[in-house]
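What follows is a single structure, written as structure tokens, with notes after it.
We count residues from 1, following the sequence as given. Side-chain atoms are counted along with the backbone in the values below, which use heavy atoms only and exclude waters and symmetry mates.
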Amino acid sequence: ARRDPQAVWVQRHIAGAQRKFSWDEIRLLLAMLRATTLSGGARALGIDKSTASRRIDALERALGARLFVRTRDGIRPSVVGERLRANAERIEAELRALTSAAVADAQEVRGLVRIATTEALSTRLVQGGLMDLRATYPELELEVLGGNRQLDLARGEADLALRVVPTQDPTLLVRVLGRFSISLFAAPSYLRARGVPRSASELAGHDVLIASGELDVLPESRWLRERPGVRIALRSSSQLALIEAAVRGFGLLAITRAWGEGVAGLDHVMELTAVPARPTWLVMHPDVADRPAVRLVAERIAEAFREFAPRP
């Protein structure tokens, strides 16, 4: 029987390039296969669009094959890229299973794990595959406690916490998951009507949307409201309310670039280099650190943030 020449070509190139594949390249391939735009794939990896484009070009050169076709509307996988999808997803699943097995050891994973975080990071957890754990561990129950108030881990209000402000209790176990730059975003309609500020000195006269309440401690909130000449259009302790106001064209909003670039209806205006990149911490109490279920969930959260965290 005559063999599919395209399949023969793909197999030959895969066989010749196997030693060149790394996990980072597989992650890149999967992110782009799952996105409809170069920007969307870059966001999933926590890198900018130009870096993603360079990495795709390098991977295609190493393989000697075109993996993606650039179109006016975005990107789409080539025949070769689409043929690699199943293999890449299988490797991803096996690596996740390997991580889970190593973390869980031989002990049974069951029971409730409560994760305290902000409303914004709650969405990030689900996007990062947290719920996928239940396919392997059906006795695992997850509770995500989204809100701005810091729950007390020492009192057992939660098992794990994702925090964007430093933890003061020295008895807690803390790890940094990533550092995220802060940028200004606005709706295209607002920018057309009011102009695009290119520097802090050009913010005078612009409407701004400011985090308040428990979120008032965020450096970007303080920085933006202190710019000379800005007009505060809305204060809110809800990031989702502020984002909705920005999408509807009511002003400029300062949020992490990784988050803002994932919001349909917002354009990136400029990075706020005067505001330090914001760390995100994963915190747990030593008393629960040995629970297999807690360790497993903690590792899955860390893995999700490795996907989102910016790289050099």
Side-chain angles (χ1 to χ4, degrees), residues 43-47 113-128 130 142-154 157-185 208-226 234-246 252-263 266 268 271-285 297-311:
R43 280 195 302 272
L45 295 169
I47 59 179
V113 177
R114 298 160 301 160
I115 308 151
T117 185
T118 66
E119 58 179 349
L121 294 179
S122 298
T123 303
R124 175 77 30 111
L125 290 178
V126 177
Q127 292 172 339
L130 180 65
L142 299 166
E143 182 176 3
V144 177
L145 305 166
N148 296 329
R149 183 180 72 85
Q150 281 197 14
L151 299 187
D152 192 336
L153 299 187
E157 293 182 340
D159 301 305
L160 298 167
L162 276 172
R163 293 180 177 171
V164 296
V165 295
T167 297
Q168 304 300 324
D169 188 343
T171 66
L172 298 177
L173 305 176
V174 181
R175 64 193 289 189
V176 178
L177 298 182
R179 291 177 170 83
F180 300 88
S181 62
I182 308 296
S183 287
L184 280 183
F185 287 85
V208 296
L209 309 168
I210 301 295
S212 62
E214 296 92 341
L215 298 179
D216 189 56
V217 299
L218 297 177
E220 62 268 27
S221 178
R222 296 197 304 270
W223 184 91
L224 188 56
R225 72 167 181 260
E226 292 172 358
L234 174 67
R235 297 177 189 263
S236 177
S237 61
S238 168
Q239 286 278 29
L240 296 182
L242 293 169
I243 287 176
E244 184 65 22
L252 299 166
L253 175 64
I255 53 176
T256 62
R257 183 165 185 170
W259 188 9
E261 289 186 337
V263 177
L266 288 184
H268 182 260
E271 186 170 331
L272 302 184
T273 56
V275 180
R278 180 194 299 157
T280 298
W281 291 275
L282 178 62
V283 186
M284 73 175 74
H285 195 276
V297 172
E299 285 304 316
R300 176 52 55 87
I301 292 172
E303 179 185 336
F305 272 80
R306 283 194 292 272
E307 299 285 332
F308 290 116
R311 295 169 177 219

* **Nearest heavy-atom neighbours spanning Ser122 and Thr117** => OG-CG2, 3.3 Å
* Shortest non-hydrogen contact from Leu272 to Ala254? -> CD1-CB, 4.0 Å
* Asked: Closest heavy-atom contact between Ile243 and Trp259?
  -> CD1-CZ2, 3.1 Å
* Asked: Hey, what do you get for CZ (Arg235) to CG (Leu242), rounding to the nearest 0.5 Å?
  -> 11.0 Å
* To do: Check whether any side-chain N or O of Ser221 sits under 3.5 Å from a backbone N or O of Ala211 as a donor-acceptor pair, and report yes or no.
  => yes
* State, with a plain yes or no, whether a side-chain heavy atom of Val126 is found less than 4.5 Å away from one of Val144. => no
* Asked: Can you tell me how far the CD1 atom of Ile210 sits from the CZ atom of Arg222, to the nearest 0.5 Å?
  -> 11.5 Å
* Who pairs with Glu244 by side-chain hydrogen bond (donor to acceptor under 3.5 Å, both in side chains), at least two apart in sequence or on another chain? -> Arg248
* Structure fact -> One should read off an interatomic distance between Ile301 CD1 and Thr280 OG1, to the nearest 0.5 angstrom, of 11.5 Å
* Asked: How about Arg175 and Trp281: do any of their side-chain heavy atoms sit closer than 4.5 Å?
  -> no
* Asked: Heavy atoms, side chains only, cut-off 4.5 Å: are Arg300 and Val297 in contact?
  -> no
* **Side-chain heavy-atom pair Trp223, Ile182 within 4.5 angstrom cut-off** => no
* To do: Write down the atom of Ala116, the atom of Leu151, and the distance for their closest heavy-atom approach.
  => CB-CD1, 3.8 Å
* Asp216 and Arg225: side-chain contact (heavy atoms from CB on, under 4.5 Å), yes or no, with the steps? -> CA-CA 10 Å; Asp216 189 56; Arg225 72 167 181 260; 2.6 Å; yes
* Taking side chain as C-beta onward, heavy atoms only, is Leu130 less than 4.5 Å from Ile115? -> yes
* Asked: Given side chains that start at C-beta, do those of Leu224 and Leu184 come closer than 4.5 Å, heavy atoms only?
  -> yes
* Under the side-chain hydrogen bond (donor to acceptor under 3.5 Å, both in side chains) test, residues paired with Glu119 that sit two or more places apart -> Ser238
* Asked: Any idea which heavy atoms bring Leu153 and Arg163 closest together, and the distance?
  -> CG-NH2, 4.0 Å
* Asked: Quick one: salt bridge (charged side-chain N to carboxylate O under 4.0 Å, His left out) partners of Arg257, sequence neighbours excluded?
  -> Glu261, Glu271
* Asked: For His285 and Leu172, which heavy atoms make the closest approach, and how far apart are they?
  -> CD2-CD2, 3.7 Å
* State which residue, out of Thr118, Val283, Leu125, fulfils the side-chain contact (heavy atoms from CB on, under 4.5 Å) condition with Leu162. => Leu125
